[in-house]
Amino acid sequence: MMNPPANTSPDAVKTTENQFGTKLLFACAAGIFVIVFAPALLLQFGVVDDYWIGSYTPHGWLSHPATTHLFWIGRPIGALLLNLHFMLFDTIKSLAVGRALSLVTLVITVILTTTILERHIGVSRLVSVSLSTLIFLLPGSLVYVLWLVCFHMGMLNILLACVAYYLVSRSYSRGLGIRSRSGFVLGYGFLLVSFYIYPATSYFFLVFTLSKLLLGAEEFWERRRRQALAEIGAVVLLSGVYFLSTKLWTPFLMHALFGTQAGVQPQGSYQFALAGGLWERLPVLREYASSSGGLWWTDLAPATMNILWLALLFLAGVVIVFIRSSSRGALSHALQRLLLALVTLAVSTAPWLLAAGGFVQFRNTFATSAMVVVWLVAIMAWTGSQSRFLSLGNALLLFLCVVAAAAAAIRIASASYNWNAELEFVRKEVAGFDRSVKEVILLLPPTDDVIVHAPLALDFGQIDRKSVVQGKSVDL
């Protein structure tokens with residue numbers, strides 16, 4: 001029997017090229033994360049209260065020293081997950097396994113984020129993979145991997161928010177049947193659960209809403225607008241349910257679990273309450289804008305420059321929208337997109353504008369930073385011609401991925417080396433102690449008195465610094 005002739009049609013060649021390009025694209029993205037996080041997996045260290053693994057016995061769900069604090073500030077499920085997570089570690093060497101688990105969770109989250117962007121929002125594969133990569137190279141994401149105490153409220157909770165949006169988005173495409181409604185309810189149920197883990201990363205759900213507004217197809221605008229309004233409204237509603245329910249049951253829960261003395265909230269920087277007015281929160285807003293708007297170079301540039309960059313980014317988006325609008329109808333749709341996009345950004349910052357106390361860190365500005373990345377990528381997509389595979393916008397996007405990966409690699413390498421050197425310094429000092437010493441208290445030095453001087457302050461200057469970390473029986 002004669003073999004059939006080879007398929008040499010242009011369509012077959014194009015399909016083969018697309019498959020090769022897709023594999024190469026995912027291979028490059030995977031290679032970026034492996035290279036960036038390699039030092040954190042190869043070096044031994046802990047970050048601040050990771051060293052608490054030796055100061056208590058993980059004998060139950062409420063044994064971690066931070067448990068009471070997390071219950072008081074409205075994160076009961078987060079407290080339980082923290083205890084469960086730290087049951088896996090008993091030595092400093094085992095912390096590297098925890099970071100590997102965090103990295104695996106990050107990769108799964110990147111894959112799910114890319115899937116949602118491409119299949120449910122309609123973003124091209126190149127842009128969806130690049131956008132996901134850029135988002136999870138932000139400093140907040142790096143902290144979630146390096147600092148194991150932040151795993152449950154970081155990567156794990158973001159993954160839960162992605163799953164929630166995936167279920168909600170699938171319900172849109174399945175019509176109005178029972179299965180559709182069940183997916184809708186289940187998705188928002190997962191999102192509500194995520195608030196009791198860590199509200200700051202629950203708002204990552206809105207990253208997809210913003211992507212839908214700025215990167216979604218124009219021909220489905222009316223439907224996408226209704227969906228975006230429903231998603232924003234649902235997040236606001238769930239935020240209110242979370243706040244009110246936690247205010248109501250926290251005192252009773254604390255009394256039942258921890259006794260009478262836990263029935264009164266302690267004083268501190270964390271206050272689970274509303275601020276007296278927006279005016280007093282203006283300094284926090286400025287700090288929040290600098291942290292979230294600085295993107296991959298936050299801490300490397302002055303706060304004022306980060307805020308100016310954020311303002312220019314917004315202005316550039318508005319100008320491009322006006323230039324690209326060819327008719328009054330197109331301009332109207334574009335302005336609606338921008339208005340809803342600003343509302344989405346505002347909702348993600350509401351907890352810090354409206355809450356009393358608290359502070360701004362990489363780990364609690366990540367969702368807003370991710371939205372700023374979406375805005376930036378949308379501007380790049382608008383500037384390029386879509387008639388070629390590597391348009392101007394796509395070329396800029398790939399270049400930005402290289403820059404973001406370089407910044408992340410330098411941060412992680414510097415931080416990992418710094419923390420490993422500090423651990424080796426402590427090990428050397430402890431080795432010379434008399435055997436009668438049963439307890440070692442590790443005091444963090446002032447920021448201007450470090451063991452290893454990292455160039456350009458790349459060792460996460462914004463990571464929360466505790467005054468004392470106890471290590472009774474840590475295997476140094």
Side-chain angles (χ1 to χ4, degrees), residues 47-50 61-62 64-86 98 101-102 105-106 108-109 113 135-136 138-165 188-207 235-236 238-247 249-250 253 268-273 284 288 291-292 347-371 462-464:
V47 182
V48 193
D49 38 9
D50 287 347
W61 290 84
L62 303 174
H64 192 278
T67 302
T68 306
H69 168 71
L70 292 177
F71 269 90
W72 257 127
I73 59 176
R75 305 180 202 164
I77 299 179
L80 298 178
L81 290 175
L82 176 64
N83 279 271
L84 177 63
H85 188 215
F86 270 80
L101 175 63
S102 300
T105 308
L106 182 149
I108 295 172
T109 308
T113 300
I135 287 174
F136 289 100
L138 288 167
S141 177
L142 310 186
V143 171
Y144 298 146
V145 174
L146 294 179
W147 195 359
L148 295 189
V149 167
C150 294
F151 168 73
H152 72 282
M153 59 175 152
M155 291 319 312
L156 186 61
N157 207 41
I158 291 171
L159 178 58
L160 184 58
C162 291
V163 171
Y165 193 90
Y188 281 117
F190 280 155
L191 183 61
L192 180 59
V193 169
S194 74
F195 276 95
Y196 297 99
I197 299 175
Y198 191 54
T201 47
S202 300
Y203 290 97
F204 190 84
F205 181 94
L206 291 175
V207 169
V235 170
V236 172
L238 293 180
S239 300
V241 170
Y242 160 73
F243 179 80
L244 293 176
S245 63
T246 306
K247 291 292 287 185
W249 74 41
T250 294
L253 191 61
S269 59
Y270 285 88
Q271 300 178 45
F272 194 72
V284 176
Y288 193 95
S291 178
S292 59
V347 171
S348 73
T349 64
W352 284 262
L353 291 180
L354 302 179
F359 50 83
V360 174
Q361 297 288 343
F362 283 143
R363 63 183 185 272
N364 56 31
T365 62
F366 176 74
T368 305
S369 294
M371 294 183 190
Q462 287 195 343
I463 276 188
D464 183 23

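Note: hydrogens, waters and symmetry copies are ignored here, and every other heavy atom, side chains too, is used.
With sequence neighbours left out, Y203 forms a side chain to side chain donor-acceptor pair (under 3.5 Å) with S239. Residues meeting the ring pair (Phe, Tyr, Trp, His ring centres under 6.0 Å) test with F151, sequence neighbours left out: H85. The side chain to side chain contact (heavy atoms under 4.5 Å, CB included) test applied to I108 returns V104, L159, not counting sequence neighbours. Residues that satisfy the side chain to side chain contact (heavy atoms under 4.5 Å, CB included) test with T365, not counting sequence neighbours, are Y288, S291, S292, V360, S369. Remark: T201 pairs with N157 by the side chain to side chain donor-acceptor pair (under 3.5 Å) rule, at least two apart or across chains. Applying the ring pair (Phe, Tyr, Trp, His ring centres under 6.0 Å) test to F71 and every residue at least two apart in sequence or in another chain returns F258. Every residue two or more places apart in sequence or in another chain was checked for a side chain to side chain donor-acceptor pair (under 3.5 Å) with T105, and none qualifies. Shown here are the side chain to side chain donor-acceptor pair (under 3.5 Å) partners of Y188, two or more places apart in sequence or in another chain: there are none.
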Show which side-chain atoms of residues 189-200 pair as donor or acceptor with protein atoms under 3.5 Å away, not counting sequence neighbours.
from: S194; atom 1: OG; to: L191; atom 2: O; distance (Å): 2.5
from: S194; atom 1: OG; to: S202; atom 2: OG; distance (Å): 2.8
from: Y196; atom 1: OH; to: S245; atom 2: OG; distance (Å): 2.5

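Using a 4.5 Å heavy-atom cutoff, the side chains of L148 and F86 are in contact. Looking only at side-chain heavy atoms (C-beta outward), S141 and I135 stay at 4.5 Å or farther from each other. Y144 places none of its side-chain heavy atoms less than 4.5 Å from the side chain of S102. Side chains of T109 and T113 form a contact here, defined as non-hydrogen atoms less than 4.5 Å apart.
Taken from CD1 in I77 to CG in L84, the straight-line distance is 13.0 Å, to the nearest 0.5 Å.
Residues V207 and A367 approach most closely at CG2-O, 3.9 Å, considering heavy atoms. Closest approach of L146 to V47, counting heavy atoms only: O-CG2, 3.6 Å.
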May I have the step-by-step check of side chain to side chain donor-acceptor pair (under 3.5 Å) for S348 and T368, ending in yes or no?
CA-CA 6 Å; S348 73; T368 305; 3.0 Å; yes

